[in-house]
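Please read the structure below before turning to the comments.
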Amino acid sequence: MRIEKITHNKKQYLDLLLLADEQENMIDRYLATGDMFALFDDDLRSVCVVVAIGKDTCELKNIATYKKYQGKGYAKALIKFISDFYKNDYKTMIVGTGEVPAILSFYESCGFKKSHSIKNFFTDNYDHPMFEEGVQLVDMVCLKKVL
């Protein structure tokens, strides 16, 4: 398994990024300025994008694993890598997600703790209703992790 920082042609990973953030114009808001990392285990398994949001904080904006590789620890390995990668530059990493128990449990297992919510984030910022595990996403749950 290897993880590479992607500096060019980030859009070539759009199919994978869209699994985690299903509206391309939302991805376009952070892709150019964010740091992208790709995890390979023979072939591509997972990607993530991290952006600086202040002097002491970075945000995990997108993390996605191809469906056939989900549940095998790739996303968790990628989060561990980026946490170690950024620990000397930032004090805190945050991530925002929908209010879906399995996803929240995943982030908590990676060391994140619930911080706050942003009311109506998904309904205000996306041009279509979004669903995860049969639940419509409305509010964004923000979690944070001390690096």
Quiz question: by atom type and distance under 3.5 Å, do the side chains of K145 and T92 form a donor-acceptor pair?
no
Between K10 and A32, which heavy-atom pair has the shortest distance, and what is it?
NZ-O, 3.6 Å
Would a single hydrophobic cluster contain both V141 and V146, if residues Ile, Leu, Val, Met, Phe, Trp and Tyr are joined by side-chain heavy-atom contacts under 4.5 Å?
no
Could you walk me through whether K11 and D28 pass the salt bridge (Lys or Arg N to Asp or Glu O under 4.0 Å) test, one step at a time?
CA-CA 9 Å; K11 278 275 196 154; D28 289 340; 2.8 Å; yes
With a 3.5 Å cut-off and no angle check, do the side chains of Y69 and D43 form a donor-acceptor pair?
yes
Does either side chain, that of Y66 or that of D15, offer a donor lying less than 3.5 Å from an acceptor on the other one?
yes
Enclosure of K91 NZ (heavy-atom neighbours >12, cutoff 6.0 Å):
no
So which heavy atom on T65 is nearest to which on L19, and how close?
O-CD1, 3.7 Å
Sequence neighbours excluded, the answer for salt bridge (charged side-chain N to carboxylate O under 4.0 Å, His left out) partners of D35 is K5
Indicate if Y86 and V51 have the same hydrophobic cluster label, given that clusters are the connected sets of ILVMFWY residues with side-chain heavy-atom separations under 4.5 angstrom.
yes
List the atom of P129, the atom of E22, and the distance in Å for their closest heavy-atom pair.
O-OE2, 4.5 Å
Linked, directly or transitively: F121 and V135 (ILVMFWY side chains, under 4.5 Å):
no
Linking I/L/V/M/F/W/Y whenever any side-chain heavy atoms sit under 4.5 Å apart, do F40 and F85 land together?
yes
Does atom CD (Q23) have a neighbourhood of more than 12 heavy atoms from anything else shown, all under 6.0 Å?
yes
Find out if a path of hydrophobic residues (ILVMFWY) with successive side-chain heavy-atom gaps under 4.5 Å connects F106 to I103.
yes
No-hydrogen, no-angle side-chain donor-acceptor test under 3.5 Å, Y126 and N25:
no
Could you tell me which non-hydrogen atom of L44 sits nearest to which non-hydrogen atom of S46, and how far apart they are?
CD1-O, 3.7 Å
Going by side-chain contact (heavy atoms from CB on, under 4.5 Å), M36 matches just one of N62, L17, V50. Which one?
L17
